Asker: 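Dropping the structure in here first, questions after.
Residue numbers start from 1 in every chain, and the chains themselves are labelled A, B, ... in the order their sequence lines are given, proteins ahead of strands. All values reported here derive from a predicted model rather than from experimental measurement.
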Number of protein chains: 2
Amino acid sequence: MTQRRVTIKQVAAEAGVSITTVSHVLNDVLGKRVHPDTRARVKDAAVRLGYAPNVLAQSLRTQRSNTIGLVGDEIATTPFAGKMILGAQDVALSRDAVVFVVSTGYQREVEHREIEELLRRQVDGILYAAMYHREVELPPQLASVPTVLINASCTAPGVPWVVPDEVAGGQDAAEVLLAAGHRRLAFINDVDEIPAMFGREEGFRRRAAQAGLGADDLQIVTAETDPGGGYTAARRLLQGDQRPTAIFCFNDRLAMGVYRAATELGLRIPQDLSVVGFDNQEFVADGIFPGLTTIELPHYDMGVWAAEQLFDRIEAEPQATKPAPTARLRGPVIYRDSVAPPPWVQDPGERREPSDRRANAGSDGAAPTIHMNK
Amino acid sequence: MTQRRVTIKQVAAEAGVSITTVSHVLNDVLGKRVHPDTRARVKDAAVRLGYAPNVLAQSLRTQRSNTIGLVGDEIATTPFAGKMILGAQDVALSRDAVVFVVSTGYQREVEHREIEELLRRQVDGILYAAMYHREVELPPQLASVPTVLINASCTAPGVPWVVPDEVAGGQDAAEVLLAAGHRRLAFINDVDEIPAMFGREEGFRRRAAQAGLGADDLQIVTAETDPGGGYTAARRLLQGDQRPTAIFCFNDRLAMGVYRAATELGLRIPQDLSVVGFDNQEFVADGIFPGLTTIELPHYDMGVWAAEQLFDRIEAEPQATKPAPTARLRGPVIYRDSVAPPPWVQDPGERREPSDRRANAGSDGAAPTIHMNK
DNA sequence: ATCAGTTGCCCAATCGTTTTGCTGCGACAA
DNA sequence: TTGTCGCAGCAAAACGATTGGGCAACTGAT
């Protein structure tokens with residue numbers, strides 16, 4: 001079935017030259033002289049036959065496969081995976097490389113086998129991606145091959161990584177609410193002690209403190225990060241005597257629960273209660289009513305950053321052991337309709353953000369900021 | 001940086017034999033005799049050195065890369081992509097193959113370039129995946145290489161494809177509602193004329209007719225397949241004089257809008273109105289309250305089926321041109337809490353399905369049925 | 001006519017495998 | 001002693017490319 005593809009030998013025959021010459025002209029090898037006429041003849045033959053080099057053979061010879069592997073822990077269940085893959089793929093393609101994607105299902109043994117498989121295939125480097133931001137321990141096999149982490153950090157020296165800027169995310173969330181005039185805020189945080197949990201809270205607290213909010217103005221509770229958790233937490237918050245006018249949710253799913261609690265309590269969003277989410281899971285944030293203002297995680301950008309770093313490392317001279325760069329990328333605030341001024345300052349004519357506008361957060365303006373070391 | 005991997009030559013030296021012998025023992029070539037002692041020595045040397053063959057070289061020699069490509073139109077935005085990839089990957093891995101994933105973004109020119117890149121890399125075959133079920137026209141480049149379609153059909157002969165069984169889905173939806181006792185049904189269908197639109201309606205109608213429902217008992221309207229569309233359509237349906245007691249939605253996002261409309265009209269789900277969705281988008285169906293009973297699309301299974309077909313074709317003798325198999329896979333009904341008996345027969349003690357049970361639909365019981373030709 | 005320098009192209013080795021012979025050797029029969 | 005046979009193993013030719021080193025043929029100067 002597979003019709004054999006055209007080889008360089010056939011092109012050589014067609015053009016009446018040696019394969020050496022064909023290779024020289026097709027690769028524009030400098031220092032090699034070939035007559036313009038011959039050059040034309042070869043090129044012509046190549047297109048006429050529809051020649052495309054066999055990358056396997058090329059790779060074997062050049063010791064460069066122009067192939068990278070992306071190993072993820074859970075490719076299937078989140079839409080985030082796709083964005084990271086896409087980011088990586090876009091830069092790969094711009095360098096004539098292709099990406100092997102494998103998913104480990106969090107099983108160390110599967111991971112081992114799959115990485116081994118990638119190495120046997122002579123990948124030039126590996127992107128190691130986590131679906132939620134966390135610290136990982138790198139499989140030892142990866143020591144011998146250039147590696148970059150996505151959405152994960154590690155303590156091993158020499159390994160670049162990129163993660164979301166959780167602190168900035170927390171700040172941006174606070175900023176959005178403060179800018180709308182809120183002074184009594186709540187944050188429903190994740191119960192799990194992961195970087196996002198610490199970072200977002202730190203950022204949120206910091207920005208609130210900057211604005212002069214006291215301890216009483218800021219309620220922070222934790223919950224399971226699903227609609228049920230958000231519902232329970234919100235009921236408690238909203239029935240308390242110090243009812244917040246705005247709630248920042250660890251993620252969008254949690255916010256769904258908050259919406260339900262608000263509805264049940266007769267609170268309208270955003271008139272009576274403002275809500276900010278996190279993740280910008282399109283189907284959730286854009287699907288609930290009113291649309292959820294939320295903070296996007298920079299999955300695509302992380303994929304791009306990591307892939308670029310990876311190729312840099314691959315192309316770098318082996319002896320040049322520069323320190324591994326790391327980055328925290330800030331995601332944009334996605335403005336929808338869940339934030340308005342608090343009830344006491346509300347003036348219908350002056351809603352702050354138009355629906356569905358996509359813009360960047362906060363006072364520092366500018367495009368998604370990138371903070372990185374070295 | 002990349003530490004060169006062990007080659008067969010080194011193993012040969014270590015074991016004191018020729019590379020031929022190493023190859024023979026490591027591949028268990030039949031018809032080749034090698035002394036048990038030597039055999040042991042070679043194997044030992046191989047593991048001691050941590051030898052793993054260079055797949056590039058192997059492929060070059062054997063003309064088989066054990067690599068397949070998956071080209072999708074939109075990898076990033078739906079969680080469905082991940083499931084198809086995972087399905088394909090699982091069977092690939094069981095055959096010692098790996099999957100290249102590329103995403104075309106619906107751009108024909110990008111698609112062409114990416115497929116070309118895959119072919120240069122000597123992939124053994126290609127999976128061509130659509131993110132929503134539709135009929136596609138195959139890029140001509142794919143004529144020369146084994147190809148299987150996922151979630152798409154095509155008229156080209158000799159190309160296997162697999163799609164969801166839309167008709168069965170429509171029937172299952174009707175079955176769920178009829179079994180709960182509903183007799184006045186509505187279906188909010190997609191406005192776009194795609195296979196899912198036709199198939200689901202056909203199935204829904206057919207099952208309703210079987211149950212003896214007349215034209216008046218069945219309202220079918222169309223809408224944009226997003227929450228807004230569902231909202232508008234549901235308002236209209238629920239305010240009409242022939243208010244249905246149950247609504248089947250073309251997809252889960254649409255159902256979100258139906259939920260909102262119901263809430264606004266003071267109708268409780270499922271007591272006053274039952275709802276069935278389609279897609280089982282976890283974050284949506286499991287996130288809204290009450291949990292949405294819905295029909296899952298068999299993305300993972302389609303990935304598996306397609307990959308298996310692909311490998312079969314790859315391994316088949318070239319002359320053996322069997323007719324291309326095609327399949328329509330039925331997805332399971334995912335029972336949650338949005339379906340109950342209609343108001344007039346309601347008996348609180350007898351809710352039909354426990355929450356969150358995962359089971360198969362309807363009267364025909366059994367595991368997800370597979371219908372296929374040949 | 002000779003020589004040096006340039007031009008234009010090709011030979012052959014190489015990358016790491018698989019695979020098709022072939023060969024050297026001991027055993028056994030004639 | 002010679003011939004035959006089975007066993008173990010090896011040499012070498014692929015696979016399809018890249019690349020360092022040569023080698024003719026031509027040019028122009030002497």
Asker: Can you list everything that forms a ring-ring contact (aromatic ring centres under 6.0 Å, His included) with A:Y300? Sequence neighbours excluded, please.
Answerer: none

Asker: Under the side chain to side chain contact (heavy atoms under 4.5 Å, CB included) rule, collect the residues that match up with B:A88, sequence neighbours excluded.
Answerer: B:L70, B:L127, B:A307

Asker: Check whether B:R41 reaches the backbone of B:A15 with its side chain - one donor and one acceptor, N or O, closer than 3.5 Å.
Answerer: yes

Asker: Give the residues of residues 29-45 of chain A touching DNA chain C, defined as any heavy atom closer than 4.0 Å, sorted by residue number.
Answerer: A:R33, A:V34, A:H35, A:T38

Asker: Would you kindly give the CD-to-C1' distance between B:Q58 and C:dG16, to the nearest whole Å?
Answerer: 9 Å

Asker: Taking only the side-chain nitrogens and oxygens of B:Q63, find out if one of them lies under 4.0 Å from OP1 or OP2 of D:dA14.
Answerer: no

Asker: Can you tell me the distance, in whole Å, between the CG atom of A:L56 and the C1' atom of C:dG16?
Answerer: 12 Å

Asker: How close or far is atom P of C:dT19 from atom CD1 of B:I8, stated in whole angstroms?
Answerer: 11 Å

Asker: Could you tell me which residues satisfy side chain to side chain donor-acceptor pair (under 3.5 Å) with B:S23, sequence neighbours excluded, listed by chain and number?
Answerer: B:N27

Asker: Is B:Q122 near enough to D:dG16 that one of its side-chain N or O atoms lies under 4.0 angstrom from OP1 or OP2?
Answerer: no

Asker: For B:N27 and C:dT20, give me the distance from atom CG to atom P, rounded to whole Å.
Answerer: 13 Å

Asker: Take atom NE2 of A:H24 and atom C1' of D:dG20, then tell me their distance rounded to the nearest Å.
Answerer: 9 Å

Asker: Classify the side-chain pair A:S65/A:D124 by whether it contains a donor and acceptor separated by less than 3.5 Å.
Answerer: yes

Asker: Heavy atoms only, 4.0 Å cut-off, all strands: where does A:S23 land among base, sugar-phosphate and nothing?
Answerer: base

Asker: With a 4.0 Å heavy-atom cut-off, tell me which residues in residues 12-20 of chain B come close to DNA chain D, sorted by residue number.
Answerer: B:V17, B:S18, B:T20

Asker: I need the CG-P distance between A:N54 and C:dT17, as an integer number of Å.
Answerer: 17 Å

Asker: For B:E14, which residues count as a side chain to side chain donor-acceptor pair (under 3.5 Å) partner, sequence neighbours excluded?
Answerer: B:R48

Asker: Can you list the residues that meet the side chain to side chain donor-acceptor pair (under 3.5 Å) rule with A:S59, with sequence neighbours excluded?
Answerer: none

Asker: Just compare D:dG9, D:dT19, C:dC10 and give me whichever is closest to any side-chain atom of B:T21.
Answerer: D:dG9

Asker: List the residues meeting side chain to side chain contact (heavy atoms under 4.5 Å, CB included) with B:R113, not counting sequence neighbours, and say none if there are none.
Answerer: A:L93, B:E109

Asker: Please state how far atom CZ in A:R5 lies from atom C1' in D:dA17, giving the value in whole angstrom units.
Answerer: 14 Å

Asker: Starting at CG of A:L49 and ending at P of D:dG16, how long is that distance when rounded to a whole Å?
Answerer: 14 Å

Asker: With sequence neighbours excluded, what pairs up with A:H299 under the ring-ring contact (aromatic ring centres under 6.0 Å, His included) test?
Answerer: A:F80

